[in-house]
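Residue numbers count from 1 along this sequence.
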Amino acid sequence: SENNNREWYHEHKDDIKAHLLEPFSGVLEQVSQKLARTRLPLKGSSKTMFRMNRDTRFSNNKKPYKENIGGLLTPSGTKNEASGLVYLHLDSNGGMMAAGFYKFNARQLEPIRQKIIEQPNQWRAVRKALFKAELDLSRENALKSMPRGFNSHESHEYADDIKLKNLIVQQPLTKSAWLKGEVLDQLTGFSKSIAPLIQFRP
């Protein structure tokens, strides 16, 4: 954050690669191996990491680089994933893990919302699994009223969940989790615990 400029970045590019990017991709790859024979064999690698370069064309923030590293675990092992996924984030404070259906448009959310209405028992099982893992759906960016086409279900047991624009859960990571290598087991456990949510999609 103190040296977010191109000159410093290119001077330290090899260090960033050796001490940040490659170890981060290593975490994704090792967790992929741990998940290979589970009910949700998510995969990640350097191919599912996001670039540190920022697009500053339409932003007031002209810093050329991100000050964090992010990457995905997905069913296909690619970033072009139109399904549920796990996101891993590293920054100077530690970071976090997140999972679920993020930034889906109304058309993509419609079958999920419809399934919640038609199969409340299955959705209840998802909620119970998340509760057991001490996770809860984020309520950020929820609609104030029922989405278009769902007004007749305003009294549904899970109406508040149907209003969500993102069906995601999050869990923070500490600095020590990275420094002690605990992030491997934490990300593996997190990925296993959110499997019912990812697999709920029709």
Roughly how far apart are [X] [atom1] and [Y] [atom2], rounded to 0.5 Å?
| X | Y | atom1 | atom2 | result |
| --- | --- | --- | --- | --- |
| Asn151 | Ser145 | CG | OG | 7.0 Å |
| Asp160 | Met146 | CG | CE | 9.0 Å |
| Ile116 | Leu109 | CD1 | CG | 9.0 Å |
| Ile194 | Leu85 | CD1 | CG | 9.0 Å |
| Phe131 | Asp136 | CZ | CG | 9.0 Å |
| Glu11 | Ile16 | CD | CD1 | 10.5 Å |

Can you tell me if [X] has over 12 outside heavy atoms packed within less than 6.0 Å of its [atom1]?
| X | atom1 | result |
| --- | --- | --- |
| Lys79 | NZ | yes |
| Glu118 | CD | yes |
| Phe50 | CZ | yes |
| Asp14 | CG | no |
| Asn121 | CG | yes |

Is there side-chain contact between [X] and [Y], with at least one heavy-atom pair below 4.5 Å?
| X | Y | answer |
| --- | --- | --- |
| Leu72 | Leu88 | no |
| Pro120 | Tyr158 | yes |
| Phe104 | Ile112 | yes |
| Pro64 | Asn53 | no |
| Leu40 | Leu35 | no |
| Lys43 | Thr74 | no |
| Leu28 | Phe24 | yes |

Quick one: which of Gln170, Gln171, Arg127 gives a side chain to side chain contact (heavy atoms under 4.5 Å, CB included) with Leu135?
->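 So, applying the side chain to side chain contact (heavy atoms under 4.5 Å, CB included) to Leu135 and each of Gln170, Gln171, Arg127, only Gln171 qualifies.
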Indicate the atoms forming the closest heavy-atom contact of [X] with [Y], along with that distance.
| X | Y | answer |
| --- | --- | --- |
| Lys63 | Ser1 | NZ-O, 4.3 Å |
| Met97 | Leu187 | SD-CA, 3.5 Å |
| Pro202 | Pro111 | CG-O, 3.3 Å |
| Phe101 | Ile168 | O-CG2, 3.7 Å |
| Phe190 | Ala99 | CE2-CB, 3.7 Å |
| Arg57 | Asp55 | NH2-OD2, 2.7 Å |

Would you sort out whether Glu29 and Gln33 count as a side-chain hydrogen bond (donor to acceptor under 3.5 Å, both in side chains), showing the intermediate values?
-> CA-CA 6 Å; Glu29 290 166 3; Gln33 294 173 9; over 6 Å; no
Would a single hydrophobic cluster contain both [Y] and [X], if residues Ile, Leu, Val, Met, Phe, Trp and Tyr are joined by side-chain heavy-atom contacts under 4.5 Å?
| X | Y | result |
| --- | --- | --- |
| Met52 | Leu20 | yes |
| Val86 | Leu173 | yes |
| Leu130 | Leu42 | yes |

Check: [X] side chain, [Y] main-chain N or O, donor-acceptor pair, under 3.5 Å:
| X | Y | result |
| --- | --- | --- |
| Trp178 | Gly94 | yes |
| Lys66 | Arg51 | yes |
| Ser32 | Gly44 | yes |
| His19 | Asp15 | no |
| Arg54 | Asn61 | yes |
| Lys62 | Ser59 | yes |
| Gln30 | Val27 | no |
| Asn166 | Lys103 | yes |

Stepwise side chain to side chain contact (heavy atoms under 4.5 Å, CB included) test for Leu73 and Thr48 | CA-CA 7 Å; Leu73 292 167; Thr48 60; 6.0 Å; no
Taking only Lys NZ, Arg NE, NH1 and NH2, and the carboxylate oxygens of Asp or Glu, determine whether Asp161 and Arg113 approach each other closer than 4.0 Å.
->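 Salt bridge: no.
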Can a salt bridge be assigned to the pair Lys165 and Glu140 using a cut-off of 4.0 Å between side-chain N and carboxylate O?
->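 The answer is no: the pair does not qualify as a salt bridge.
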Name all pairs fulfilling the side chain to side chain donor-acceptor pair (under 3.5 Å) condition that reach into residues 182-202, sequence neighbours left out, sorted by first residue then second.
->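 Applying side chain to side chain donor-acceptor pair (under 3.5 Å) to every pair that reaches into residues 182-202, excluding sequence neighbours, yields Arg39-Gln199.
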Specify whether Tyr65 and His10 have parallel, tilted or perpendicular ring planes, treating 30° as the upper limit for parallel and 60° as the lower limit for perpendicular.
->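 Geometry flag for His10 against Tyr65: perpendicular rings.
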Describe, in one word, how the ring planes of His156 and His153 are oriented to each other, choosing from parallel (under 30°), tilted (30 to 60°) and perpendicular (over 60°).
->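 The rings of His156 and His153 stand perpendicular, inter-plane angle above 60°.
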Tell me, with the steps shown, if Leu143 and Phe150 meet side chain to side chain contact (heavy atoms under 4.5 Å, CB included).
-> CA-CA 12 Å; Leu143 297 170; Phe150 290 86; over 6 Å; no
Passes side chain to side chain contact (heavy atoms under 4.5 Å, CB included), Ser92 versus Glu67? Steps please.
-> CA-CA 8 Å; Ser92 59; Glu67 294 169 7; over 6 Å; no
Hey, does the Lys NZ or Arg CZ of Lys115 hover above the aromatic six-ring of Phe200, less than 6.0 Å from the centre and inside 45° of the axis?
->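 Lys115 over Phe200 ring: yes.
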Give the C-alpha distance, both sets of side-chain angles, the deciding distance and a yes or no for side chain to side chain contact (heavy atoms under 4.5 Å, CB included) between Ile69 and Leu21.
-> CA-CA 8 Å; Ile69 302 174; Leu21 301 181; 4.0 Å; yes
Which residues pass the side-chain hydrogen bond (donor to acceptor under 3.5 Å, both in side chains) test with Thr56, sequence neighbours left out?
->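 None.
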Looking just at side-chain N and O atoms, do Asp91 and His89 make a donor-acceptor pair shorter than 3.5 Å?
->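 There is such a pair (donor and acceptor under 3.5 Å, judged by atom type) between the side chains of Asp91 and His89.
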